Structure formats: C-alpha cells, structure tokens
Amino acid sequence: DIKLGMDEIPRSVYDKTKQKLEDDLSKLKIELNNTNPTLSNQDLLIEKSLHSLENINEIWGSIELCDKQKLQNTLFPKGIYYNKEKHDYLTKEINSFVLLSTTISNSYEENKNGTNQNISDLSHSVARTRFELVTSGL
C-alpha cells in the first residue's frame, strides 16, 4: 500500500500481487483447517494429566507462588472470583480437561452406587394381575 501510495509501483502490479497473495492465503487457510493435529504419546499425556489431577492438592502445596498462578490460570482460564458476602469462590470457566474428567468420574461413581439411573431408564412397570371375586348372578 505504501509503495503504491508513493508511486513506486504501478496500480496494475499492486492489484495482481495483492490478488495472488490473497489467493495463496486462502489456500493456506483451507489447508490448515483440513489438517488434523497429531500428538505423539497421547495416551501417556492423558495418563500423566490424570495422575497430576488426582494429586492436585500435593502439587499445589509443593510449588512456588508463580507456579501456583500458572496452575490456577490453567485450571480456571477466566479467573476465580470471591463473593465476600457468601464467602464463596466463583469461576466463569473451568479447563475442559478438568471438567470432562470430573464429569466422567462423577458419572462413574453414581453408576457404581446405582444413584445415576434416570427413572425413564428403568423398565416400565406392568399392571398387576387382579384377583376378581366371582359373584353369582342372583
């Protein structure tokens, strides 16, 4: 734009170059959207992450303030808020891995204890057979 404005290049060269660069950029964006990120050792990463999450209290107690801030920002990306009237902590967002693992863990425990079964999941009740007294037609 500056070279065009300073009359260093002709408008036709500018337009052709701009169009070529925009086309190349569009192709790269499409290519980038179609690539699947690959992560070597995904299972190991998940296993280590779950282990760390299980021991979060010990990790928190053993790290310095700077690392605590990094951990807090990782777990709660939008921060933690304190409600002084209710003496309660509030979060607007929880790390998706933490949220997913908590949900899975809670569902597992509820299923294990038999407390996570919706009534609609249970078999429908069948009407009992009735015992009718036979009356004579007097």
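Note that the coordinates shown come from a computational prediction; the quantities given were computed from them, not determined experimentally.
Here CG of L75 is found 4.5 Å from CG of L71. Values are rounded to the nearest 0.5 Å. To the nearest 0.5 angstrom, F76 atom CZ is 6.0 Å from I94 atom CD1. Taking CG from N41 and CD1 from I46, the interatomic distance works out to 11.0 Å, rounded to the nearest 0.5 Å.
Between V13 and T17, the closest heavy-atom pair is O-OG1, 2.8 Å. Annotation for S101 and L50: closest pair CB-CD2, 3.9 Å, computed over non-hydrogen atoms.
Judged by distance alone, the side chains of D23 and Q19 do bring a donor and an acceptor atom under 3.5 Å apart.
When the shell of 6.0 Å around CD of E31 is examined, it contains 12 or fewer heavy atoms from other residues, nucleotides or ligands. Within a 6.0 Å radius of OH in Y82, more than 12 heavy atoms belonging to other residues, nucleotides or ligands are found.
Linking ILVMFWY residues whenever their side-chain heavy atoms come closer than 4.5 Å, directly or via other members, leaves L45 and L99 in distinct clusters. The cluster map of Ile, Leu, Val, Met, Phe, Trp and Tyr, joined by side-chain heavy atoms under 4.5 Å apart, puts Y89 and V98 in the same cluster. In the hydrophobic clustering of ILVMFWY residues, with side-chain heavy atoms under 4.5 Å counting as a link, L53 and I80 come out together.
Sorted by first and then second residue, the salt bridge (charged side-chain N to carboxylate O under 4.0 Å, His left out) pairs involving residues 76-94 (not counting sequence neighbours) are K78-E93. For residues 43-72, the side chain to side chain donor-acceptor pair (under 3.5 Å) pairs, not counting sequence neighbours, are H51-N55.
Grouping Ile, Leu, Val, Met, Phe, Trp and Tyr residues whose side-chain heavy atoms lie under 4.5 Å apart, directly or via other members, leaves L28 alone, with no other cluster members.
For the pair T74/N95, a side-chain contact is recorded, criterion being any heavy-atom separation below 4.5 Å from C-beta on.
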